[in-house]
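Scroll down for the structure; my scribbles are underneath it.
So you know, we letter chains A, B, ... as the sequences are listed, proteins then strands, and number each from 1. Here the structure is a predicted model, which is why all the values come from computation and not from measurement.
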Protein chains: 2
Amino acid sequence: MRELENLNSCKSCVYNKLLFGGLTDEELDFFTEHKQELEFKKGEIISKEGAPITSFLYLKEGLVKLYKESPGSKSQIISIAKPLDFISLLSIFSNSTYKYNVAALEDTVVCSIHLDAFKKVIGQNGPFALEIMSKMSKMYDDIIESRFEINRKHLRGRIAFILLYFSNHIYHSDEFELPISRREIAELIEMTTENVIRILSEFRKDNIVQIDGKNIKLIEPERIESICKLG
Amino acid sequence: MRELENLNSCKSCVYNKLLFGGLTDEELDFFTEHKQELEFKKGEIISKEGAPITSFLYLKEGLVKLYKESPGSKSQIISIAKPLDFISLLSIFSNSTYKYNVAALEDTVVCSIHLDAFKKVIGQNGPFALEIMSKMSKMYDDIIESRFEINRKHLRGRIAFILLYFSNHIYHSDEFELPISRREIAELIEMTTENVIRILSEFRKDNIVQIDGKNIKLIEPERIESICKLG
DNA sequence: TAAATGCCATGATAAATATCATATCTAGGA
DNA sequence: TCCTAGATATGATATTTATCATGGCATTTA
């Protein structure tokens, strides 16, 4: 992890309008004083389950995974966060320590705002509070929704689901490089690594995807959609 | 559904201190004007997926289930809400329509505060906003946590989990009456109705629970704990 | 009262999935 | 450079779970 020099003010930050629409100049200056940009290399741990929460974190660049490790069983990936997602989201208002781990899947830049400063502004700016609540709710809803969706599918449907997830929600293209290993896919969609590999092979043999290592190309997205829908 | 007469002010409501610690008298009066208590009989639907959200709802008395119905597959129960839980929670700040259904498992009293009024107070009272966010986060965290926990267990572990859930979190007793059918248990912990019945029978034969219809008595809670932990 | 419906119950069987074994390939470290 | 650990790959087998069939029981409805 590397702390970037604190050159940029939040006021000039291209993300502030997307994320923090309703803030005054004073509030943005206040955040500027209490923020820090952090850079993480691929594979680095950003936060750990059980560690105290001291800041509000959101992703500026890169890709991270939120995951849980439970003794004696495999780890489970809760979700993948992309730029502009809040990554210290779950737990931040409900717990003093993180309830899950966060690790960088790519080189990543995180903006870290000191928690007290963040809460102070929420407390004084109602519309901002509502905005954060709305974004928070959306993220929680998405996680819960996709958990239930994955659970009612069979293995082929789950693989179809995750391929479409990367294609539609992360890369916006039929062709992309998987940011995670087969094992991590397994941890994300509740199946074994062997079966992830097996079913990706099936899809390749059926000619609905091209696979070369981590490089994926969806040849027949419509068929993948229908496999996903059927479950 | 029956609308109760609006006799009680929020100021005198026994729940207000538990739920809404930081409100001024004026704000409580404001809520009194914009609230309505609703009574639902067991089995009644409180809100439906897709219906517009017009109020903030919380449970005063009774027990409800939050569930999703998806065409062509069984419904899935997301969670069970008990008194003081927010039931219009998910979606309320992120969507204009409900993302799931809510139905009463017992005779139930719901307090309904008009959404605009609720948002207005959040916007003007920062500590209250933080309080609501904290409670919201906790509920979301619990749902997500238990989803992941259920998913890494085998059937026996799931049954143990749900027995302990009712015992520890709902009834606070080793002896209780199940508020839901075997089919609903199945919808809640991701298994088939037959297997719920089968495994409850196994537990009965193994003498770790007494079962008489919906009446349950945990004979050996420690063994149930260990079955739950092992998965 | 009778019929019907839904819930509880159990067994037999089929299907889905995990586990185990093994092999190849690759990337990173000594 | 070689060596090792981990990722990918595939087959055989075992385990877990779902499905199907059937019946009893209770509760609602005609």
Classify the ring geometry between [X] and [Y] as parallel (under 30°), tilted (30 to 60°) or perpendicular (over 60°).
X: A:Tyr140; Y: B:Tyr140; answer: parallel
X: A:Phe86; Y: A:Phe56; answer: perpendicular
X: B:Tyr98; Y: B:Tyr100; answer: perpendicular

Using whole Å, report how far [atom1] of [X] lies from [atom2] of [N].
X: B:Ile159; N: D:dT17; atom1: CD1; atom2: P; result: 11 Å
X: B:Lys205; N: C:dA9; atom1: NZ; atom2: P; result: 10 Å
X: B:Glu202; N: C:dA9; atom1: CD; atom2: C1'; result: 13 Å
X: A:Ile185; N: D:dG6; atom1: CD1; atom2: C1'; result: 16 Å
X: B:Ile216; N: C:dC8; atom1: CD1; atom2: C1'; result: 12 Å
X: A:Asp212; N: D:dT8; atom1: CG; atom2: C1'; result: 12 Å
X: A:Arg158; N: C:dA18; atom1: CZ; atom2: C1'; result: 12 Å
X: B:Ile199; N: D:dA18; atom1: CD1; atom2: C1'; result: 12 Å

Calculate, to the nearest 0.5 Å, the distance between atoms OG and OH belonging to A:Ser112 and A:Tyr58 respectively.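 Between A:Ser112 OG and A:Tyr58 OH, I get 10.5 Å after rounding to 0.5 Å.
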With DNA chain D as reference, determine whether B:Met191 or A:Ile197 sits nearer its 5' end, using the nearest nucleotide of each.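 It is A:Ile197 whose nearest nucleotide is closer to the 5' end.
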Report yes or no: is there a donor-acceptor pair, N or O only, under 3.5 Å between the side chain of A:Glu194 and the base of C:dC20?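 Yes.
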For a quick test of reading the model: is some side-chain N or O of [X] closer than 4.0 Å to OP1 or OP2 of [N]?
X: B:Ser201; N: C:dC8; answer: no
X: B:Asn195; N: D:dA18; answer: yes
X: B:Lys74; N: D:dT19; answer: yes

Can you see which heavy atom on A:Leu57 is nearest to which on A:Ser55, and at what distance?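 That would be CD2-OG, 3.6 Å.
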Is there a donor in the side chain of A:Ser201 and an acceptor in the side chain of A:Arg198, or the other way round, less than 3.5 Å apart?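 The criterion, which ignores hydrogens and geometry beyond distance, is not satisfied for A:Arg198 and A:Ser201.
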Using a cutoff of under 3.5 Å, can you pull out all pairs of nitrogen or oxygen atoms linking the protein to nucleotides 5-7 of chain C, with atom names and distances?
none

When the nearest nucleotide of DNA chain C is assigned to B:Arg198 and to B:Ile180 on a heavy-atom basis, which residue is associated with the more 5' position?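 Looking at DNA chain C, the more 5' nearest nucleotide goes with B:Ile180.
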Identify whether any heavy atom of B:Arg204 sits under 4.0 Å from a base atom; if not, whether one sits that close to sugar-phosphate; answer base, sugar-phosphate or nothing.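 Sugar-phosphate: the residue B:Arg204, judged by heavy atoms under 4.0 Å, touches backbone atoms but no base.
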Scan B:Leu155 against the nucleic acid and name what it touches under 4.0 Å (heavy atoms): base, sugar-phosphate only, or nothing.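 The residue B:Leu155 makes sugar-phosphate contact but no base contact.
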Output the single nucleotide from D:dT10, D:dT19, D:dT17 whose closest atom is nearest the side chain of B:His154.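 Looking only at heavy atoms from C-beta outward on B:His154, the closest nucleotide is D:dT17.
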4.5 Å side-chain heavy-atom contact, B:Arg147 and A:Ile144: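 Sidechains of A:Ile144 and B:Arg147: no contact.
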